[in-house]
Amino acid sequence: MKNKGLLLLFTFISLSAFPQKFEGLAETPPMGWNSWNTFATDINEQLVKDVADKFVELGLKDAGYEYIVLDDGWMAMERDENGDLVPHPEKFPNGMKAVADYVHSKGLKFGLYGDAGTKTCAGYPGNRGYEYQDAKKYAEWGIDFLKYDWCSTGKQNAEASYITMRDALYDAGRPVVLSICEWGDNEPWTWAEDVGHMWRVTGDIINCWDCEVGHGSWSSWGIWPIINMRGNIRKAAGPGHWNDYDMMEVGNGLTDAENRSHFAMWSILASPLIMGNDLRTASKETIKTLANKEVVAVNQDKLGLPGLRFSNEEDFEIWVKPLADGEWAMAFVNMAEEPRNLDFDWNRHQIGDDLNNRRLDVKNKKYKIRDLYNHKEIGDTGNNLKATIGSHDVLMVRLRE
Ligand code: GAL
């Protein structure tokens, strides 16, 4: 009895004395929507409400999307006389608590954007020197997610700066997903496991299949440059801490085929699935892709192992992801400008994940193959997998015994 009391006391002291990351918030990659890709700083209360309504109406909430996150531009240009952050008075005339309350009333969660430096990337007040004060404000408003950017940080140390905000959030007492956004510059995959729940791995995404767009001192990157930019980072991710390949461009001008491939890849990579399109005007096909529960299930698989490239020979990018219970997901993406025929002989390929010591054992087992975009069984590994795949389209399958 006495020992139990001591143990409890010790646990209490250590939990309160050593700030840490909130655990258990992102056991699978976070799913949601962020305003930046489509709206930049042109955001307001009505937009958030519309998006929350659309989450429910379009079946996105039902598919697993949860967070609605306002990116840069939600603040007034100056802090108030107490040094507090102030929501932009015209964009958010009823304050942030009212917005958070609306989102919560739909059974969803709400997020905001901040910046570890003195100013955000769009020139609004940064959090530097105000971390504890701001974290308390976020808690007061009911914030569940913080995207924390890296502009105007001078010579600041990234790890230390993100730890400061982690500790401030913990101290404020309201569980918040901390989304680290320093573009991979300081290799967060080597230090952020106990700091944040996800970390951006590259500079900003842009809505093209395979391009780089320069902006003077920095570039934004299309879908494939983002996928290819970082080498060996898959081992860093897992339940609670994810490689973030950036907010998705699904529905932002790519073809329907490219949208399917983009979504398949973010699922295979176990990236957070953060939509970045205008849900009020999204096409049926776009929503069908984003709300595809069978593809989402690959992303949300409880093992939490990011996939790996199996091959990029000739015109196909072939990626595999080990899933729980010995199942596998695979994506065959046609990179060519014309349709291509796939003829995949299971016996000629050794599919496995050496890092995690997992193997697709087609010699001794026959796996059933399910097409996750067409929602049907398409045979088993006893025969070659044959399909015609359109330009930039994907065949995404799940293999189970
Ligand atoms: C960038 C960030 C973008 C967006 C933007 C806002 O640094 O990578 O995702 O948040 O700032 O100004």
Side-chain angles (χ1 to χ4, degrees), residues 29-44 47-48 51 67-77 85 87-88 91-92 110-128 134 138 143 145-154 156 158 161-162 165 176-189 192 196-208 211-223 225-227 229-230 242-252 262 266 269 271-278:
M31 295 174 64
W33 177 90
N34 172 299
S35 52
W36 184 256
N37 285 359
T38 297
F39 299 96
T41 59
D42 188 14
I43 50 181
N44 57 57
L47 175 66
V48 178
V51 169
Y67 294 94
I68 296 183
V69 181
L70 283 175
D71 208 283
D72 208 349
W74 64 265
M75 300 169 214
M77 274 300 175
L85 288 173
H88 191 288
K91 298 174 183 173
F92 301 98
F110 185 53
L112 285 179
Y113 162 101
D115 187 288
T118 50
K119 277 195 187 315
T120 75
C121 299
Y124 295 86
N127 296 76
R128 184 161 191 208
D134 294 343
Y138 297 149
I143 297 320
F145 184 110
L146 179 68
K147 174 174 170 182
Y148 205 46
D149 213 345
W150 191 240
C151 276
S152 305
T153 46
Q156 277 174 245
S161 301
Y162 281 97
M165 187 41 101
V176 171
V177 169
L178 178 56
S179 159
I180 295 174
C181 175
E182 52 68 80
W183 321 301
D185 287 2
N186 303 276
E187 305 192 340
W189 45 88
H197 301 88
M198 53 197 264
W199 49 80
R200 279 273 296 280
V201 297
T202 68
D204 289 8
I205 196 168
I206 194 163
N207 56 343
C208 64
C211 72
E212 175 187 346
V213 177
H215 310 279
S217 61
W218 58 286
S219 289
S220 33
W221 309 90
I223 309 309
I226 294 241
I227 293 169
M229 198 170 307
R230 305 295 177 196
W242 305 100
N243 291 321
D244 172 9
Y245 288 78
D246 207 351
M247 289 100 57
M248 294 184 287
E249 294 283 14
V250 173
N252 286 344
H262 175 10
W266 263 230
L269 290 163
S271 174
L273 295 178
I274 310 292
M275 301 177 285
N277 56 320
D278 187 347

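Just follow the structure's listing: the first ligand is 1, and inside any ligand the first atom is 1.
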*Asks:* Out of all atoms in ligand 1, which are within 4.0 Å of some heavy atom of Met247? Include the element for each.
*Replies:*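 Answer, ordered by atom number: 9 (O).
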
*Asks:* Of the protein's non-hydrogen atoms, which lies at the shortest distance from atom 7 (O) of ligand 1, and what is that distance?
*Replies:*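 Closest protein heavy atom to atom 7 (O) of ligand 1: Asp149 OD2, 2.8 Å.
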
*Asks:* Provide, to 0.1 Å, the distance between atom 8 (O) of ligand 1 and the closest protein heavy atom, together with that atom's residue and name.
*Replies:*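 The closest one turns out to be Asp204 OD1, 2.5 Å.
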
*Asks:* What protein heavy atom is closest to atom 4 (C) of ligand 1, reported as residue, atom name and distance in Å?
*Replies:*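 Here the closest protein heavy atom is Asp71 OD1, 3.4 Å.
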
*Asks:* Thr120 side chain to Tyr124 main-chain N or O, any donor-acceptor pair under 3.5 Å?
*Replies:*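 Yes, Thr120 side chain to Tyr124 backbone: donor-acceptor pair under 3.5 Å.
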
*Asks:* At a 4.0 Å threshold, what atoms of ligand 1 neighbour a non-hydrogen atom of Cys181?
*Replies:*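 In order of numbering, the contacting atoms are 2 (C), 8 (O).
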
*Asks:* Taking Asn243 for the side chain and Trp199 for the main chain, is one N or O donor matched with an acceptor at less than 3.5 Å?
*Replies:*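 A pair under 3.5 Å: no.
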
*Asks:* Report yes if some N/O of Arg200 lies less than 3.5 Å from some N/O of ligand 1; otherwise report no.
*Replies:*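 Between Arg200 and ligand 1 (N or O atoms, distance only) the closest approach is under 3.5 Å.
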
*Asks:* Please report the shortest heavy-atom distance between Val201 and Arg230, naming the atom on each side.
*Replies:*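 Looking at all heavy atoms of both residues, the closest pair is O-NE, 2.5 Å.
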
*Asks:* Taking 4.0 Å as the limit for heavy-atom contacts, which would you say applies to Trp150 with ligand 1: side chain only, backbone only, both, or neither?
*Replies:*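 It is neither part, as no heavy atom is under 4.0 Å.
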
*Asks:* Would you name the heavy atoms of Gly123 and Met77 that are closest together and state the gap between them?
*Replies:*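 Of all heavy-atom pairs spanning Gly123 and Met77, the closest is O-SD, 3.8 Å.
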
*Asks:* Counting from 1, what ligand 1 atoms have a heavy atom of Trp183 closer than 4.0 Å?
*Replies:*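 Matching atoms, with element in brackets: 1 (C), 2 (C), 7 (O), 8 (O).
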
*Asks:* Taking only heavy atoms of Lys147 into account, list the atoms of ligand 1 that are under 4.0 Å away from them.
*Replies:*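 Contacts of ligand 1 toward Lys147, numbered from 1: 3 (C), 4 (C), 9 (O), 10 (O).
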
*Asks:* Considering non-hydrogen atoms of the protein only, which is the closest contact for atom 12 (O) of ligand 1, and what is the distance?
*Replies:*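 Its nearest protein heavy-atom neighbour is Asp72 OD2, 2.8 Å.
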
*Asks:* Please assess Asp134 against Asn127 for the test side chain to side chain donor-acceptor pair (under 3.5 Å), listing each intermediate value before the final yes or no.
*Replies:* CA-CA 7 Å; Asp134 294 343; Asn127 296 76; 3.0 Å; yes

*Asks:* Heavy atoms only: give me the nearest Cys181-Tyr162 pair and the separation to one decimal.
*Replies:*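 Smallest interatomic distance, heavy atoms only, reads O-OH, 3.3 Å.
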
*Asks:* For a quick test of reading the model, state the closest non-hydrogen atom pair linking Asn277 to Trp33 and the distance between them.
*Replies:*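 Nearest heavy atoms, Asn277 then Trp33: O-NE1, 2.7 Å.
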
